A.B. asks: 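Here you go, one structure.
Chain letters run A, B, ... following the sequence lines, proteins first and then strands; every chain starts at 1. Predicted, not measured: the structure shown is a model, and the values here were computed from it.
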There are 2 protein chains.
Amino acid sequence: MEVETVPAVKGRPREFCVDQALAQALHVFWAKGYDGASMTDLTEAMGITKPSLYAAFGNKEALFHKALDLYEAEKLEYTRAALQQPTARKVAEYYLRSGVDVHAAEGDPHGCMGLMSSLACSPEAESIKADVIRRRASSQRALVERFEQAKREGDLPAHIDAEGLMSFLYAILQGITVQAGAGATRAELEKLVDTSLALWPSA
Amino acid sequence: MEVETVPAVKGRPREFCVDQALAQALHVFWAKGYDGASMTDLTEAMGITKPSLYAAFGNKEALFHKALDLYEAEKLEYTRAALQQPTARKVAEYYLRSGVDVHAAEGDPHGCMGLMSSLACSPEAESIKADVIRRRASSQRALVERFEQAKREGDLPAHIDAEGLMSFLYAILQGITVQAGAGATRAELEKLVDTSLALWPSA
DNA sequence: CGACTTCCATAACGAGCGGTATATAATAGG
DNA sequence: CCTATTATATACCGCTCGTTATGGAAGTCG
C-alpha cells in the first residue's frame, strides 16, 4: 500500500492535503457542533475555499460524517481497547480514565463531539443524530456482551444485570463529557471516576 | 396580591395570555434547543405575531431566560424537594426517579432543556451557556452540603468524598437525560436507576 | 367626540447561511 | 502547441434568520 508519488490523474493537482483538511474540520465540528460550525468557519480553519471543499468532500453533511469517522477512529479507539481488559472492573476503569483523557485533553475541545451532535442539533440534522445514535448503540452492545462474558467468568456477581451496568457505565461517561464541556477541571473529573470505581461491584 | 380584573392601563389590551404564551415557548425551546427554535417556530406555537412577542418579552434571548426560569420552577422543582429526604440514599433515589419522570414524560420533550442548551449552542449563545452552568453550580453546591450533612448524621460512610458523590449522582442524572433524549425507553432508564441505587454506598 | 396610548398585522430590513456559476490557472496526453 | 481535465478564486444565488419600521385597530381618558 504505497502512496503514489506521481498522481497519475490528468488535471491540475490539488494544493492541499485532504486528510489534514479533514482533521481541521473535525476540530471545528468538535468545538462548535454541526449547526454551530459554519462553512466559513470550516473553510478558514481548513485553509481552502468553498468550491475546493465541495469538490473534495461533497457538502457539509458529508464532511461531518467523514469527520465523525475520523473522530471515532482516532479519539474513540479507547472504547474498543477497553473491551480487551481482563476484568469488568478494568474495562470500566479503562473506559472512564480514557474518557477523561480524551474529553478533557489539553489541545482538543472539551466534551464529546458525538454527544453534542446527538443533542440539540436542530433542523435538517436528523440524519446526524441518527448516525451518532446508531454508532453509540453498536458500542453499547459490545459492552453488554463484555459484561455477560465477565459474569460467566465470575468477575461480576451473577445477580448483576449486564444491560443495567452498561447503561450505568455509559451514563457516567456521558456525565464526564457533559461536565468536561461545562468546564470541569481534570481533578474534578478524576474524583468522579474514583468515586464511580469505588462503587463498582466486586465479584 | 389580587389579579386586577380591570386592566387600569390606557391603551389597547393585549389579546393573549403572557404566561400561557411563555409555556408554549418553553415547550419549543425544550424540544428544539435555543438555536434550533426559530422565531417563526416560537410565534406559531405561541399563537402571536413577532411584534407582540418582542413587545412582551424583549427578544429571543430574554424569552429563553424567562422560559428557563419557568422550566426550573416547574420541572426542576424536584432537585430542591430531593434535598428534604431523610437520608442521602433517599435523596439520590428521589433525584434519579424524579429525573426519569421529568425527562422521559409522556407529553413533554425527552431530555433536559438545560443540558441541551448548555451543549452545542453555538454562535452568540455563550450567555445562555453561562446562565445554565451557573444555575447548575448552585444546585450542585446544595447537593454537596446535603451529603456532608449526611456524613455528619452517619448515613454516609465517613470516607466518602461529598463532592465526588455529588459529581457521581449528577453524572448519572446527566446520563439519564442524554439517554432519554436519544430515545431510551422508560424501562431502560429505570433499570439504569435501579443499578445505580444498588451500587449506592451504605452506611 | 376627539386625543392619546397601546397592541396587532404586514412587510420589510440587513446579515449570515449552505451551496454554486463562472472564469482562470495548472497539469496531462496527443 | 493544443486540447482536455481538474483545481482554485471571486462573486453571487436563494433562503432563512432575528429584528424592526409602518399603518391601522382597539382600548382609556378628558
Side-chain angles (χ1 to χ4, degrees), chain A residues 4-22 24-25 28-29 31-67 117 120-128, chain B residues 4-22 24-25 28-29 31-67 117 120-128:
Chain A
E4 307 202 20
T5 53
V6 176
V9 291
K10 298 222 238 172
R12 172 176 176 177
R14 67 160 48 97
E15 298 176 351
F16 65 95
C17 169
V18 174
D19 292 344
Q20 188 174 328
L22 183 59
Q24 299 301 321
V28 174
F29 278 132
K32 302 194 162 196
Y34 179 76
D35 294 309
S38 73
M39 296 303 290
T40 304
D41 292 333
L42 291 164
T43 51
E44 282 181 357
M46 299 163 84
I48 62 178
T49 60
K50 288 201 250 182
S52 299
L53 191 154
Y54 277 83
F57 299 101
N59 60 7
K60 186 182 181 183
E61 185 175 340
L63 176 62
F64 181 86
H65 283 105
K66 283 169 184 159
S117 297
C121 53
S122 42
E124 70 289 356
E126 285 301 317
S127 96
I128 303 285
Chain B
E4 310 201 19
T5 53
V6 175
V9 290
K10 300 221 238 174
R12 173 178 175 175
R14 67 161 50 96
E15 298 176 351
F16 64 95
C17 168
V18 174
D19 292 344
Q20 189 174 330
L22 183 59
Q24 299 300 320
V28 174
F29 278 131
K32 302 194 161 191
Y34 179 75
D35 294 309
S38 72
M39 296 303 290
T40 304
D41 292 333
L42 291 163
T43 51
E44 283 181 358
M46 299 164 84
I48 63 178
T49 61
K50 291 198 232 179
S52 299
L53 190 155
Y54 277 82
F57 299 102
N59 61 6
K60 185 182 181 184
E61 185 176 340
L63 175 62
F64 181 86
H65 283 104
K66 284 169 186 162
S117 297
C121 53
S122 42
E124 71 289 357
E126 286 299 317
S127 93
I128 302 287

A.B. asks: How many Å lie between NZ on A/Lys32 and C1' on C/dC17, as a whole number?
C.D. replies: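 Whole-Å distance recorded here is 14 Å.
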A.B. asks: C/dG16 P sits how many Å from A/Asp41 CG, rounded?
C.D. replies: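 So the CG-P distance, A/Asp41 to C/dG16, works out to 12 Å.
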A.B. asks: Need to verify one output field. Residue with the more 5' nearest nucleotide on DNA chain D, A/Arg14 or B/Thr40?
C.D. replies: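 Here A/Arg14 is the residue nearer the 5' end.
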A.B. asks: Out of D/dG18, C/dG18, D/dT8, which nucleotide sits closest to the side chain of A/Lys60?
C.D. replies: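 Out of D/dG18, C/dG18, D/dT8, the nucleotide with an atom closest to A/Lys60's side chain is C/dG18.
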A.B. asks: Please compare A/Ala55 and A/Pro51 by the position of their nearest nucleotide in DNA chain D and report the one closer to 5'.
C.D. replies: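 The residue closer to the strand's 5' end, by nearest nucleotide, is A/Ala55.
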A.B. asks: Round to a whole Å and report the spacing from CZ of A/Phe29 to C1' of C/dG18.
C.D. replies: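 After rounding, the gap between these two atoms is 12 Å.
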A.B. asks: Whole angstrom is fine here: how far is it from CG in A/Leu53 over to P in D/dA7?
C.D. replies: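 So the two atoms are 13 Å apart, to the nearest Å.
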A.B. asks: Using the test side-chain contact (heavy atoms from CB on, under 4.5 Å), find all partners of B/Ala25 that sit at least two apart in sequence or belong to another chain.
C.D. replies: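 Applying side-chain contact (heavy atoms from CB on, under 4.5 Å) to B/Ala25 gives B/Leu42, B/Met46, B/Leu63.
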A.B. asks: Side chain of B/Ser52 only, please: which of C/dC8, C/dG18, C/dC17 is the nearest?
C.D. replies: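 The nucleotide sitting nearest to the side chain is C/dC8.
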A.B. asks: Look only at the side chain of A/Lys32 and the backbone of A/Ser38, and say whether a donor-acceptor pair between them is shorter than 3.5 Å.
C.D. replies: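 Looks like no, no N/O pair under 3.5 Å.
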A.B. asks: Output the rounded distance in Å from CD (A/Glu44) to P (C/dG16).
C.D. replies: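 Answer to the nearest Å: 12 Å.
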A.B. asks: Nearest to the A/Thr49 side chain among D/dA9, D/dG27, C/dC8, which nucleotide is it?
C.D. replies: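 The nucleotide sitting nearest to the side chain is D/dA9.
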A.B. asks: How far does CD of B/Glu15 sit from OG of B/Ser52, to the nearest 0.5 angstrom?
C.D. replies: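 So the gap between those two atoms works out to 8.0 Å.
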A.B. asks: I need the CE-P distance between A/Met39 and C/dG18, as an integer number of Å.
C.D. replies: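 Roughly 6 Å, once rounded to whole Å.
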A.B. asks: Please give, in whole Å, the distance from D/dG18 P to B/Leu42 CG?
C.D. replies: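 My rounded result for the distance is 8 Å.
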A.B. asks: With a 3.5 Å cut-off and heavy atoms only, can you find an N or O donor on one side and an acceptor on the other between the side chain of B/Lys50 and the base of D/dT19?
C.D. replies: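 Checked by distance alone, the answer is yes.
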A.B. asks: Among D/dT8, C/dC8, D/dT19, which is the nearest nucleotide to the side chain of B/Tyr54?
C.D. replies: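 Of the options given, the side chain of B/Tyr54 lies nearest D/dT19.
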A.B. asks: Counting side-chain heavy atoms from C-beta on, which of D/dG18, D/dC29, D/dT5 comes nearest to A/Lys10?
C.D. replies: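 Of all the options, the side chain of A/Lys10 is nearest to D/dT5.
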A.B. asks: Please figure out whether B/Gly11 or B/Ile48 has its closest DNA chain C nucleotide nearer the 5' end.
C.D. replies: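 Closest to the 5' end, via its nearest nucleotide, is B/Gly11.
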A.B. asks: Of the listed nucleotides (D/dT8, C/dC7, C/dG19), which one gets closest to any side-chain atom of B/Arg12?
C.D. replies: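 Closest nucleotide to the B/Arg12 side chain: C/dC7.
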A.B. asks: So, is the end of the B/Lys60 side chain (NZ or CZ) under 6.0 Å from the ring centre of B/Tyr34 and within 45° of the ring's axis?
C.D. replies: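 Geometry flag: set, cation within 6.0 Å and 45°.
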A.B. asks: May I have the distance from B/Met46 (atom CE) to C/dC7 (atom C1'), rounded to whole angstrom?
C.D. replies: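 Result: 15 Å.
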A.B. asks: Over all heavy atoms of both residues, which pair between B/Thr49 and B/Thr43 is shortest? Give the atoms and the distance, please.
C.D. replies: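 Shortest heavy-atom contact: C-CG2, 4.0 Å.
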A.B. asks: So if I take every side-chain heavy atom of A/Phe16 and compare against D/dT8, C/dC17, D/dC17, which nucleotide ends up nearest?
C.D. replies: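 Nearest nucleotide to the side chain: D/dT8.
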